[in-house]
Amino acid sequence: MTANGPALSVVIPCYNEEANVGTLWERLKRVLDGLGREYEVIFTDDGSTDGTLEALRRIADGAGGRVAVVELAHNCGQHRAVFAGMSQARGKVVVTLDADLQNPPEEIPALLEAMERNGWEVVGSVRRNRQDSFLRKLASGFVARLARKMTKVDLRDWGSMLRAYSREVVDQMTKHPEHSTYIPALATMYAKRVGEVEVTHEGRKDGPSRYSLGKLMDLYLDLMTSFSDAPLKVLFYVGVWLAVLGFLLAGVLLAGRLLLGPEWAAEGVFTLFSVLFFFVGAQFFALGLIGQYITRIYREVRKRPPYVIKEVYRGEGE
Ligand code: UDP
Ligand code: MG
């Protein structure tokens, strides 16, 4: 399959992007035609409820076999949609990109050039003058710090989905698809040489972000629990030290009671209460986190696929 694939595949997840895909394809086509290599574009329709699927099919019909539309059975989320697209991609290099034109397609040549010049297997992009809300940028700063810690790879921008991956890295990722994962971080597990280039960033062309607060929180949890058991270790050590502290405190209270009399100890009752609440809180936190890991084990054991492709459409007359 890979032997006769084109030089480049572009994978784009689309969730209710009816208003954006037309312009996106026009701009993308101009850029890719200018590259002078064979290419294919794979749009994944991530269970859209508007006319995205029909719009994508029309694009495929007019593209002479260079565009495929992967239709998912239901909304699986951006990262699984990218995975599903990657599973169909045949290019030697696979570029991913958002459908809302926040990542200008005109930056793709720079990405590929840097990848070839430096021999990188994965290249990310750093968004210059990022056009997102303050809160969104704050959240991204948090994600970047977490991702650096978890993967031990020193990249600046982890949230930008304008990225390029070598065929080997894509093969590895699609061979072992994970349910709950953050693709930019996952790719670093299969790549040794990872780099970044600066790119421009634009405002969303149509409509609000397709990420609700809940979806965003899910993504952060995935990032935290998919790459390391560090949160559990921290819990363990915090637990041990809390227990030691509680034990010492009990000793102090007992000594106070014996040396200073019952009045002193009665006042101490409230201290004891606050300590108790602290412990209860810590326990709940611990249980919640353990629950996260168990959820993940449950998901893997169940062996339900991370995405379900209904159909791959490669345009009429092919
Ligand atoms: N997306 C998707 N499935 C979802 C949510 C988003 O395929 O459940 C796609 C969306 O169509 C877009 C990309 O993922 O192409 C990034 O989404 P969005 O622009 O809404 O996120 P933001 O830019 O706010 O991070
Ligand atoms: Mg966007």
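We count ligands from 1, going down the list as the structure has it; atoms in each ligand are counted the same way. This is a predicted model, so every value here is computed, not measured.
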Novice: Which N/O/S atom belongs to Asp100 and is the closest one to the Mg ion (ligand 2)?
Specialist: OD2
Novice: Does Asp98 bring an N, O or S atom to under 2.8 Å of the Mg ion (ligand 2)?
Specialist: no
Novice: Please find the pair of heavy atoms, one from Lys92 and one from Gly5, that lie closest to each other, and give the distance.
Specialist: NZ-O, 3.3 Å
Novice: Looking only at protein heavy atoms, which one is nearest to atom 21 (O) of ligand 1, and what is the separation?
Specialist: Tyr211 CD1, 3.3 Å
Novice: Give the atom numbers and elements of ligand 1 that come within less than 4.0 Å of a heavy atom of Glu17.
Specialist: 10 (C), 11 (O), 12 (C), 15 (O)
Novice: Could you say whether the N/O atoms of Ala81 and ligand 1 ever approach to under 3.5 Å?
Specialist: no
Novice: Do the charged groups of Lys205 and Asp98 touch, with an N to O distance under 4.0 Å?
Specialist: no
Novice: Is it the case that atom CZ in Phe142 sees more than 12 heavy atoms from other parts of the structure closer than 6.0 Å?
Specialist: no
Novice: State whether Gln102 contributes an N/O/S atom found under 2.8 Å from the Mg ion (ligand 2).
Specialist: yes
Novice: Please determine if Arg57 and Glu71 form a salt bridge, counting it only when a charged side-chain N lies under 4.0 Å from a carboxylate O.
Specialist: yes
Novice: Would you say Arg204 and ligand 1 have an N/O pair spaced under 3.5 Å apart?
Specialist: yes
Novice: Do any heavy atoms of Arg136 fall under 4.0 Å from ligand 1?
Specialist: yes
Novice: What's the shortest distance from atom 19 (O) of ligand 1 to any protein heavy atom, and which residue and atom give it?
Specialist: Asp100 OD2, 2.6 Å
Novice: Could you tell me whether Asp46 approaches ligand 1 through its side chain, its backbone, both or neither, with non-hydrogen atoms closer than 4.0 Å?
Specialist: side chain
Novice: What part of Asn75, side chain, backbone, both or neither, has a heavy atom within less than 4.0 angstrom of ligand 1?
Specialist: side chain
Novice: For atom 13 (C) of ligand 1, which protein heavy atom lies nearest, and how many Å away is it?
Specialist: Asp98 OD1, 3.5 Å
Novice: Do any nitrogen or oxygen atoms of Ala99 lie less than 3.5 angstrom from nitrogen or oxygen atoms of ligand 1?
Specialist: yes
Novice: Atom 1 (N) of ligand 1: which protein heavy atom is closest, and how many Å away?
Specialist: Tyr15 CB, 3.7 Å
Novice: Taking C-beta and beyond as the side chain, do Thr96 and Met86 meet within less than 4.5 Å on heavy atoms?
Specialist: yes
Novice: Less than 4.0 Å between a side-chain N and a carboxylate O, is that true for Lys29 and Glu40?
Specialist: no
Novice: Taking non-hydrogen atoms only, is Gln102 closer than 4.0 angstrom to ligand 1 via side chain, backbone, both or neither?
Specialist: side chain
Novice: Taking 4.0 angstrom as the limit, do Glu54 and Arg58 come out as a salt bridge?
Specialist: no
Novice: Do Lys137 and Asp132 sit within salt-bridge range, that is, some charged N less than 4.0 Å from a carboxylate O?
Specialist: no
Novice: Between Arg167 and Asp171, does any NZ, NE, NH1 or NH2 come within less than 4.0 Å of an OD or OE carboxylate oxygen?
Specialist: yes
Novice: Under 4.0 Å from any heavy atom of Ser209, which atoms of ligand 1 are there?
Specialist: 20 (O), 21 (O), 22 (P), 24 (O)
Novice: With a 4.0 Å cut-off, would you call Glu202 and Arg127 a salt bridge?
Specialist: no
Novice: Less than 4.0 angstrom from a charged side-chain N to a carboxylate O is my criterion; do Glu178 and Arg296 meet it?
Specialist: no
Novice: Heavy atom to atom 8 (O) of ligand 1, shortest distance: which of Arg210, Lys215, Gln78 holds it?
Specialist: Lys215
Novice: Return the residue, atom name and 0.1 Å-rounded distance of the protein heavy atom closest to atom 9 (C) of ligand 1.
Specialist: Pro13 O, 3.8 Å
